[in-house]
There are 2 protein chains.
Amino acid sequence: MSKLNTQLLKGTLEGAMLLIISREELYGYVLNQRLQESGFDTVSDGTIYPALQKLQREGYIVGEMRKSPEGPARKYFKITAEGRIYLQLFIETWSRLKQNMEGLIDENQRRYWGK
Amino acid sequence: MSKLNTQLLKGTLEGAMLLIISREELYGYVLNQRLQESGFDTVSDGTIYPALQKLQREGYIVGEMRKSPEGPARKYFKITAEGRIYLQLFIETWSRLKQNMEGLIDENQRRYWGK
DNA sequence: GCCTCCTAACTTGTAAAACAATATAGCTAT
DNA sequence: ATAGCTATATTGTTTTACAAGTTAGGAGGC
């Protein structure tokens, strides 16, 4: 079950992260909490920090270190103009995939009650 | 674009393959055509055959070689009882992921016309 | 002082998945 | 024969997610 979720996570995580960062400037630790609030299973540190670095490397987000009043410094990320363009592309591609899957699933369900 | 699709494909491909096999006994070559008909980009041979072997190894499908009236032999696959159970689990997990993404995307769209 | 806990970012090594490219092989038509 | 379509399978590479571990700051308890 959790393994299945891991597989389904692939490919959608970056998009989900970018969607959250697009509405709110935040740092990795809080991003992880937001993902959980959005229904995703806990994402490990070893997943989220490399993913953030990749998004930054590609120019979709930029990070900035800021001191914390309590605890270690935080790296706040915000989305760039390029990131917004990529985000729209992601949403379109996701929608297409969603419709494709929906079509297959609907047909599957239909065969179990009245053809 | 095609690269983005590749990433989104991850995790959903097995489910899509199983959905198609559940409605129709077929072999890899035709499965690939069906996937395209369902809107997925072309899936390479190096993806589909190992994926079929994995599904069989896990007991979700079984394959059987049959002679072809024209051309080389074909390996026909059909879904097993175990495969049907896994398929229902996949559909539930997919639906959950879909709703999670939907929630994030809706919120994103809302911020561009009437808050 | 020392230990534990919570926050916070990052690294390392491993496993899974998809791809391109390649190999093999049967049949058809030129 | 050789080119083209069908058909399965393997190899090597890249990407992604994870577990586990490292480093470090601040708070509280003993």
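Naming: A, B, ... by sequence-line order, numbering from 1 per chain. Note that this is a predicted model, so its numbers are computed, not measured.
- Separating the OG1 atom in A:T47 from the CE atom in A:M17 is a distance of 9.5 Å, to the nearest 0.5 Å.
- What separates CE of A:M17 from C1' of D:dA17 is a distance of 12 Å, to the nearest Å.
- Using a 4.0 Å heavy-atom criterion, one finds that B:A73 contacts the sugar-phosphate atoms exclusively.
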(request) May I have the step-by-step check of side-chain contact (heavy atoms from CB on, under 4.5 Å) for A:L35 and A:I48, ending in yes or no? (result) CA-CA 10 Å; A:L35 281 168; A:I48 212 132; 3.6 Å; yes

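- Candidate nucleotides C:dA9, C:dT11, C:dA25 were compared by shortest atom distance to the side chain of B:P72, and C:dA25 ranks first.
- Here the straight-line distance linking atom CD1 of B:I20 with atom CD of B:Q33 works out to 11.0 Å at 0.5 Å rounding.
- The minimum heavy-atom distance linking A:E25 with A:F77 is given by the pair CG-O, 3.3 Å.
- When each of A:E70 and B:P50 is assigned the nucleotide of DNA chain D bearing its nearest heavy atom, the one mapping closer to the 5' terminus is B:P50.
- Interface residues of residues 30-38 of chain B facing DNA chain D, ordered by number: none; criterion, heavy-atom separation under 4.0 Å.
- A sub-4.0 Å separation between OP1 or OP2 of C:dG26 and a side-chain N or O of B:K67 is absent.
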(request) List the steps and the verdict of side-chain contact (heavy atoms from CB on, under 4.5 Å) for B:E14 and B:Y86. (result) CA-CA 11 Å; B:E14 259 184 45; B:Y86 175 82; 3.6 Å; yes

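- Checking the phosphate oxygens (OP1, OP2) of D:dT8, no side-chain nitrogen or oxygen of B:Q53 falls inside 4.0 Å.
- Axis angle, first five pairs versus last five pairs of the helix from C:dG1-D:dC30 to C:dT30-D:dA1: 20°, rounded to 10°.
- When the side-chain nitrogen and oxygen atoms of A:K54 are compared with OP1 and OP2 of D:dT16, one or more of them lie within a distance under 4.0 Å.
- The listed nucleotides are D:dT8, C:dA9, C:dA20; the one nearest the side chain of B:S44 is C:dA20.
- One interatomic measurement links the two molecules: OH of B:Y49 to C1' of D:dT11, which rounds to 17 Å at whole-angstrom precision.
- When the nucleotides C:dC10, C:dA18, D:dA7 are ranked by their closest atom to the side chain of B:R74, D:dA7 comes out on top.
- B:G28 comes within contact range of the sugar-phosphate backbone alone, with a heavy-atom separation under 4.0 Å but no base atom that close.
- Taking side-chain N and O atoms only, A:Y27 has a distance below 4.0 Å to OP1 or OP2 of C:dA8.
- A:I48 has its CD1 atom 13 Å from the P atom of D:dA19, to the nearest Å.
- Within the 4.0 angstrom heavy-atom criterion, no nucleotide atom of any strand lies near A:L52.
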(request) Decide side-chain contact (heavy atoms from CB on, under 4.5 Å) for B:K98 and A:K98; before the verdict, give the C-alpha distance in whole Å, the side-chain angles of both, and the deciding distance to 0.1 Å. (result) CA-CA 7 Å; B:K98 194 192 72 181; A:K98 194 192 73 182; 3.7 Å; yes

